[in-house]
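Every chain is numbered from 1 and lettered A, B, ... according to where its sequence line falls, protein lines coming before strand lines.
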Amino acid sequence: MSDIEVELPDGSRRSLPEGASALDLASAIGKRLAKDALAAQVNGQLTDLTAPLPAGASVAIVTPASELGREVIRHSSAHVLAQAVTRLWPGAHYAIGPAITDGFYYDFELPGGAHFSDDDLVRIDAEMRAIIAEDQPFTRSEYSIDEGLALFEDQPFKQAIINAVAHAPSDEDLAEVDSTSSVSTYSNSPAFTDLCRGPHVPSTQRLGHFKLTRVAGAYWRGDEKNPQLQRIYGTAWESEAALAAHLELLAQAELRDHRKLGQELDLFSFPSEVGPGLAVFHPKGGTMRRVMEEYSRKRHEVSGYDFVYSPHITKSELFEISGHLDWFAESMYPPMELDGGTTYYLKPMNCPFHTLIFKSNQRSYRDLPLRYFEFGSVYRYEKSGVVHGLTRVRGMTQDDAHIFCTKEQMGEELTRTLQFVLDLLRDFGLNDFYLELSTRPPGKAVGTDEEWDEAEATLESVAIAAGLDLVMDPGGGAFYGPKISVQARDAIGRTHQMSTVQLDFQTPQRFDATYVAADNTRTLPIMIHRALFGSVERFMAILLEHYAGNMPTWLCPEQVRVLGVRDDHDAYAIYVAETLALEGVRAGVEGANEPLGARIRKAKLEKIPYILVVGDDDVEKATLGVNARGSNDPERGVSVAEFRARLLEEIATHGSPGDR
RNA sequence: GCCUGGGUAGCUCAGUCGGUAGAGCAACGCAUUCGUAAUGCGUAGGUCAGGAGUUCGAAUCUCCUCCCAGGCUCCA
């Protein structure tokens with residue numbers, strides 16, 4: 001028997017007997033590796049450990065504590081989940097069960113239309129642990145399409161996948177199989193076989209660091225016209241420590257939840273009397289919001305925007321012209337009928353109003369670009385299941401602007417706009433960005449190919465010039481124009497879609513909004529829609545979560561709180577607060593009715609940046625005790641003048657306590 | 001809109017088998033005057049989300065509605 005040679009990830013080569021598997025290779029390298037090995041990556045393809053290696057292949061052994069290893073663990077855990085469910089609910093149909101970020105899920109249809117309850121998770125968990133303890137080996141088999149159909153005669157979803165694969169496979173189907181002419185299966189006991197491309201861990205005993213997290217409904221193939229299946233989600237890891245770390249991360253994320261912080265810090269609420277997705281801002285949240293808006297206005301003013309205002313409701317005619325009623329009506333609040341049959345709508349967007357403002361006068365090419373900005377409150381009838389805190393609401397205020405420019409100006413305007421966006425976001429402390437470019441949707445784009453080509457090329461070069469990573473989203477643009485969106489990563493690595501810059505070839509045309517060009521022809525302008533915060537509400541939510549409620553000092557509703565040690569220090573405390581207030585600092589005072597420790601604690605829980613404690617020494621020497629947020633080590637004897645200077649500097653530079 | 005779970009004092013929550021409402025914090029009052037994360041005592045606070053039903057009796061069981069959470073779908 002001749003030997004084969006394979007290449008390892010470090011570039012070295014090894015000879016193995018023909019027919020040797022990745023497991024043999026791992027054993028040849030070392031006992032530890034052989035014991036750890038879960039699967040192999042052969043010429044870039046994930047395969048089972050036991051599959052024979054082709055000659056000349058480049059081979060990497062996949063071990064548990066790696067992204068690929070975790071993916072294999074999660075996928076295998078999904079199989080065990082399905083096996084457990086079929087044991088507990090004989091006759092259950094299982095549909096698809098992939099590995100996902102941090103975990104896995106599996107979709108089921110239970111006999112008699114039964115549904116999973118939360119309590120069922122406990123039983124399923126126990127059954128899964130029993131299967132794992134049984135140390136069942138995963139074994140792969142291959143069948144023809146017809147054999148596959150026969151094998152899964154009781155499993156309609158598996159048959160549907162096989163049929164789809166044999167005829168018109170989708171990406172989703174191809175994830176389950178690796179050939180369109182045959183099907184592969186994995187059995188981890190004679191009682192349970194699943195259609196699957198693999199690979200899987202060698203045996204169920206390699207699993208076990210998992211937790212079933214929730215049950216949910218999910219439509220078959222993600223289409224709401226299809227029957228709804230029962231989905232179980234779980235998370236799975238290579239070790240108990242990694243599982244615990246992940247659960248801890250989830251707990252941390254929960255502490256940052258803006259809805260919780262909004263309650264704790266008394267910023268906003270959603271009174272049920274008002275309705276879902278409709279927030280009210282309390283004084284503290286109102287202050288935070290006002291500061292955000294004022295800053296944004298100031299920046300817009302400097303950047304050449306004009307400020308406009310438009311009403312919250314309008315006759316339906318406006319949205320007939322804009323076309324919203326044709327394709328957005330479902331997301332609009334139902335019409336109000338007034339004045340003998342005229343219908344009015346709450347506005348879901350500001351752009352038609354801004355276009356009318358553009359049209360209100362004859363425009364010359366010399367006037368362009370025109371940049372109209374508005375904090376425009378819009379109302380969208382979001383489906384009841386999608387509203388979520390301040391991030392997905394039914395009433396929101398967009399920091400919306402529409403720029404009308406000539407085709408020649410488009411490139412420069414986009415460059416300016418993107419730079420403006422990034423500068424503004426950085427001023428709020430976000431600084432880890434990437435861009436996503438959504439290009440023309442095939443078959444339904446308005447505007448000429450030439451316009452699209454130019455716009456997409458411009459957006460792309462602008463994005464590249466910004467020096468940020470660019471992710472393409474082919475076909476993801478709206479039919480009326482391509483867009484670029486800024487994605488920001490927050491302090492715990494989550495990404496949020498922030499600003500969008502959207503080109504629009506359609507609206508000026510629909511409104512017949514033209515300008516007079518240098519050659520005296522009436523010409524359609526290019527319209528750029530852009531929102532930087534997206535919505536003020538959502539942006540505040542993202543900042544709250546990014547900072548875990550510890551907002552930079554300039555955004556805090558109360559920036560300092562002065563506490564007298566005894567009540568005969570209150571007068572001095574008030575004097576200190578007033579001194580700072582004269583400089584625009586938001587300073588509060590709490591009199592000495594409670595012990596100092598209690599008042600400190602209260603202020604700490606409110607996440608106030610600076611607690612100033614003043615006692616006998618301070619009254620005498622015009623000083624302060626400074627207890628900064630995030631510190632448990634107060635600084636005594638700081639002069640009022642020095643503290644004021646430091647604080648004003650911090651506010652001006654958008655810093656936080658502890659930045660120095 | 002769909003699936004699963006939830007809604008008890010301002011907040012966080014407990015409430016057993018269906019027997020008639022509890023705690024801590026907050027609020028208010030009195031006392032306490034204190035140097036860096038909870039001073040003591042007292043008082044008040046409830047249509048148990050809303051409605052209907054079963055029952056001698058419902059926070060508890062059933063149904064409907066509203067609202068919230070996690071998913072699915074959606075996010076032009």
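- For the side-chain contact (heavy atoms from CB on, under 4.5 Å) test, residues two or more places apart in sequence or in another chain that qualify with A:P474 are A:T439, A:M472.
- Along RNA chain B, the nucleotide nearest to A:Y381 and the one nearest to A:K483 differ in position, and the one closer to the 5' end is contacted by A:Y381.
- A straight line from NZ of A:K225 to C1' of B:C72 spans 14 Å, rounded to a whole angstrom.
- Using a 4.0 Å heavy-atom criterion, one finds that A:G637 contacts no nucleic acid atom at all.
- Remark: A:E71 CD is loosely packed, at most 12 non-hydrogen atoms of other residues, nucleotides or ligands lying under 6.0 Å away.
- Taking the side-chain contact (heavy atoms from CB on, under 4.5 Å) definition, one finds that A:D618 meets it with A:Y572, A:V614, A:T623, sequence neighbours left out.
- Each of A:V565 and A:Q230 lies near RNA chain B, and the nucleotide nearest A:Q230 is the one positioned closer to the 5' end.
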Contact state string [nucleotides 36-41 of chain B, B base, S sugar-phosphate only, - no protein heavy atom under 4.0 Å]:
BBBB--

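- Within residues 250-259 of chain A, the residues having any heavy atom under 4.0 Å from RNA chain B are, by residue number, A:R259.
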Contact list (N/O, under 3.5 angstrom) for nucleotides 62-65 of chain B vs protein:
none

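- Residues A:M551 and A:K607 have side chains not in contact (no heavy-atom distance under 4.5 Å, counting atoms from C-beta outward).
- Checked by atom type, the side-chain pair A:H529/A:Q502 shows no donor-acceptor distance below 3.5 Å.
- The distance between atom CD of A:E273 and atom C1' of B:C68, rounded to the nearest whole Å, is 14 Å.
- We find that CZ of A:F328 is positioned 10 Å from P of B:C75, with the value rounded to whole Å.
- Rounded to a whole angstrom, the distance from the C1' atom of B:A21 to that of B:A59 is 9 Å.
- With C1' as the reference atom, B:A26 and B:U43 are 14 Å apart, rounded to whole Å.
- Using a 4.0 Å heavy-atom distance criterion, A:A216 is classed as a base contact.
- In this structure, the side chains of A:F328 and A:S322 stay at 4.5 Å or more apart for every pair of heavy atoms.
- Taking atom P in both B:U62 and B:U54, one finds a spacing of 15 Å when rounded to whole Å.
- For B:C34, one of the phosphate oxygens OP1 or OP2 lies less than 4.0 angstrom from a side-chain nitrogen or oxygen of A:R566.
- In the set B:C74, B:U4, B:G1, the nucleotide with an atom closest to the side chain of A:S384 is B:G1.
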Tabulate atom names and distances for all N/O pairs under 3.5 angstrom spanning the protein and nucleotides 8-14 of chain B.
none

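- Legend: residues meeting side-chain hydrogen bond (donor to acceptor under 3.5 Å, both in side chains) with A:R489, ordered by chain and number and at least two apart, are A:D432.
- Residue pairs meeting the salt bridge (charged side-chain N to carboxylate O under 4.0 Å, His left out) criterion with at least one partner in residues 556-567 of chain A, sequence neighbours excluded, are A:E558-A:R561, A:R561-A:E606, A:R566-A:D568, A:R566-A:D616.
- One can place CD1 of A:I96 at 12 Å from P of B:C72, the figure rounded to the nearest angstrom.
- The base of B:C3 lies outside donor-acceptor range of the side chain of A:R214, with no N or O pair under 3.5 Å.
- Partners of A:R123 under the salt bridge (charged side-chain N to carboxylate O under 4.0 Å, His left out) rule, at least two apart in sequence or in another chain, are A:D120.
- Separating the C1' atom of B:G70 from that of B:A14 is a span of 24 Å, rounded to the nearest Å.
- Every residue two or more places apart in sequence or in another chain that forms a side-chain hydrogen bond (donor to acceptor under 3.5 Å, both in side chains) with A:E590 is listed here: A:K602.
- Atom pair A:R392:CZ and B:G70:P shows a separation of 13 Å (rounding to whole Å applied).
- B:G42 and B:C48 have their C1' atoms separated by 27 Å, given to the nearest Å.
- Applying the side-chain contact (heavy atoms from CB on, under 4.5 Å) test to A:F643 and every residue at least two apart in sequence or in another chain returns A:V560, A:L580, A:Y610, A:L612, A:L624, A:V626, A:V638, A:L647.
- The distance from atom CG of A:L229 to atom P of B:G71 is 18 Å, rounded to the nearest whole Å.
- Salt bridge present: A:E456 and A:R440 bring a charged side-chain N and a carboxylate O closer than 4.0 Å.
- With A:Y381 as the aromatic partner, A:R394 meets the cation-pi criteria of under 6.0 angstrom to the ring centre and within 45 degrees of the ring axis.
- Contact annotation: A:H388 side-chain N/O to B:G70 OP1/OP2 distance is under 4.0 Å.
- Nucleic acid contact for A:A592: base, since at least one base atom lies under 4.0 Å from a heavy atom of the residue.
- The residues A:R256 and A:D490 are annotated as not salt-bridged, no charged nitrogen and carboxylate oxygen being separated by less than 4.0 angstrom.
- Backbone-only engagement by A:Y233 is indicated by non-hydrogen atom pairs under 4.0 Å involving sugar-phosphate atoms exclusively.
- Between the P atoms of B:U16 and B:G6, the separation comes to 14 Å (whole Å).
- Close to B:C3, at under 4.0 Å from its OP1 or OP2, lies no side-chain N or O of A:H115.
- Using a 4.0 Å cut-off between charged side-chain N and carboxylate O, A:R646 and A:E650 make no salt bridge.
- With sequence neighbours left out, A:D125 forms a side-chain hydrogen bond (donor to acceptor under 3.5 Å, both in side chains) with A:R129.
- As judged by a 4.0 angstrom heavy-atom cut-off over every strand, A:D617 is placed among the base-contacting residues.
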